[in-house]
Undergrad: 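Handing you a structure now.
Note that the structure is a prediction, hence the values are computed from the model and not measured. Worth knowing before you read on, the calculation uses all heavy atoms, side chains too, and leaves out hydrogens, waters and symmetry mates.
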Amino acid sequence: MGTAERREAPGGAEKRGVTGRSGPGAPDRDVPAGGDGGRPRQREHPARPGPQEQRERPPAYRPLWTEEPARRRRLPDPVRTAAVRAVLVVAVTLIQAMVAFLCTMAGSWLAFPMVLSSVASTVAATWGVLDVWVTRQVWNQRHGVVSVPSSTARAIRRERRRARRRARAAERAQERIRRRGGTGRLSHP
């Protein structure tokens with residue numbers, strides 16, 4: 001039941017001609033119940049249970065969610081691993097920086113060691129982010145970005161194409177020999 005049906009009085013939906021049913025077979029809320037120009041509709045299911053029987057019967061199973069295809073492809077495993085590592089290192093760095101700031105404001109003895117560790121963590125976080133970038137570039141170059149002239153994927157594909165052509169040519173030659181009967185006759189029968 002939608003918001004519009006909940007706000008109305010109990011008899012209001014029938015007065016407008018809108019049903020309060022929901023589900024796969026339910027009409028749209030803004031379409032009148034007699035949607036074919038006021039002509040009486042025939043019942044699709046003559047043995048449909050009444051309101052009393054519907055209350056006694058348990059509701060039909062409906063899944064909580066529907067699976068939808070992903071909009072983007074999943075990151076390759078090495079890139080995803082590097083990204084997770086970088087996120088963790090950056091998070092620890094931010095926490096250390098915040099602790100260093102708070103210790104400095106409080107005048108604690110822990111401020112100086114925290115500042116030093118924050119500087120070291122900043123270097124590590126920068127390395128982690130650069131690691132994600134480099135891992136992604138290497139993966140793309142090895143596994144399929146063809147637009148880059150130095151891509152090793154292009155050479156691998158070229159070699160596979162050559163091997164397939166050679167295999168097809170050898171297969172055609174064998175088929176020609178089989179068709180002739182393999183006797184090596186110079187004239188047709």
Side-chain angles (χ1 to χ4, degrees), residues 1-2 19 21-31 35-37 41-49 57-97 117-189:
M1 178 182 282
T19 62
R21 291 184 297 160
S22 63
D28 290 336
R29 279 182 224 148
D30 51 337
V31 176
D36 38 335
R41 284 180 29 182
Q42 293 180 341
R43 291 183 70 143
E44 297 169 347
H45 304 285
R48 183 172 279 170
R57 194 173 61 183
Y61 170 75
R62 284 185 11 210
L64 294 175
W65 64 85
T66 57
E67 294 289 334
E68 295 179 4
R71 291 183 185 154
R72 294 175 54 187
R73 287 186 317 172
R74 185 173 164 174
L75 278 176
D77 285 340
V79 179
R80 193 171 58 249
T81 303
V84 168
R85 187 184 318 123
V87 165
L88 291 175
V89 170
V90 167
V92 168
T93 301
L94 289 174
I95 291 171
Q96 279 185 336
S117 68
S118 294
V119 170
S121 290
T122 303
V123 171
T126 305
W127 169 82
V129 172
L130 286 176
D131 182 44
V132 173
W133 182 65
V134 169
T135 306
R136 182 174 166 267
Q137 294 297 330
V138 168
W139 194 91
N140 282 340
Q141 189 174 17
R142 286 185 187 161
H143 294 94
V145 173
V146 186
S147 61
V148 180
S150 63
S151 176
T152 55
R154 176 178 288 164
I156 291 170
R157 285 193 181 120
R158 192 178 301 134
E159 185 57 36
R160 285 181 189 156
R161 255 184 264 128
R162 283 183 192 142
R164 271 183 284 186
R165 280 190 206 121
R166 282 193 298 262
R168 281 196 302 259
E171 190 177 320
R172 281 194 300 268
Q174 287 295 332
E175 186 62 33
R176 244 182 274 126
I177 292 171
R178 278 190 218 114
R179 269 187 293 184
R180 288 185 193 161
T183 58
R185 290 182 297 213
L186 295 178
S187 61
H188 293 290

Undergrad: With sequence neighbours left out, write down each residue that passes side-chain contact (heavy atoms from CB on, under 4.5 Å) with V129, or none if nothing qualifies.
TA: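 Only V90 meet the side-chain contact (heavy atoms from CB on, under 4.5 Å) criterion with V129.
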
Undergrad: How would you list, by chain and number, every residue that makes a side-chain contact (heavy atoms from CB on, under 4.5 Å) with I95, sequence neighbours excluded?
TA: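 For I95 the side-chain contact (heavy atoms from CB on, under 4.5 Å) partners, ignoring immediate neighbours, are V99.
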
Undergrad: Among R136, Q141, R142, which one satisfies side-chain contact (heavy atoms from CB on, under 4.5 Å) with V138?
TA: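 Output: one option passes, namely R142.
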
Undergrad: Between Q137 and V134, is any pair of side-chain heavy atoms under 4.5 Å apart?
TA: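 No - every pair of side-chain heavy atoms lies 4.5 Å or more apart.
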
Undergrad: Can you see which heavy atom on V132 is nearest to which on A86, and at what distance?
TA: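 That would be CG2-CB, 3.7 Å.
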
Undergrad: So, using side-chain hydrogen bond (donor to acceptor under 3.5 Å, both in side chains) as the criterion, who are the partners of E67 when residues are at least two apart?
TA: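 In terms of side-chain hydrogen bond (donor to acceptor under 3.5 Å, both in side chains), with neighbours along the sequence ignored, E67 is linked to W65.
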
Undergrad: Excluding sequence neighbours, so at least two apart, what forms side-chain hydrogen bond (donor to acceptor under 3.5 Å, both in side chains) with T93?
TA: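 For T93, no residue satisfies side-chain hydrogen bond (donor to acceptor under 3.5 Å, both in side chains) once neighbours in sequence are set aside.
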
Undergrad: Which distance, rounded to the nearest 0.5 Å, do you find between the OG1 of T135 and the CG of D77?
TA: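 Rounded to the nearest 0.5 Å, the OG1-CG separation comes to 12.5 Å.
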
Undergrad: Mind jotting down which residue pairs meet the side chain to side chain donor-acceptor pair (under 3.5 Å) criterion with at least one end in residues 117-130? Sequence neighbours excluded, please.
TA: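 Non-adjacent pairs meeting side chain to side chain donor-acceptor pair (under 3.5 Å): Q96-S121.
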
Undergrad: Could you list all the side chain to side chain donor-acceptor pair (under 3.5 Å) pairs where at least one residue sits in residues 159-173, not counting sequence neighbours?
TA: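 The answer is none; no pair qualifies.
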
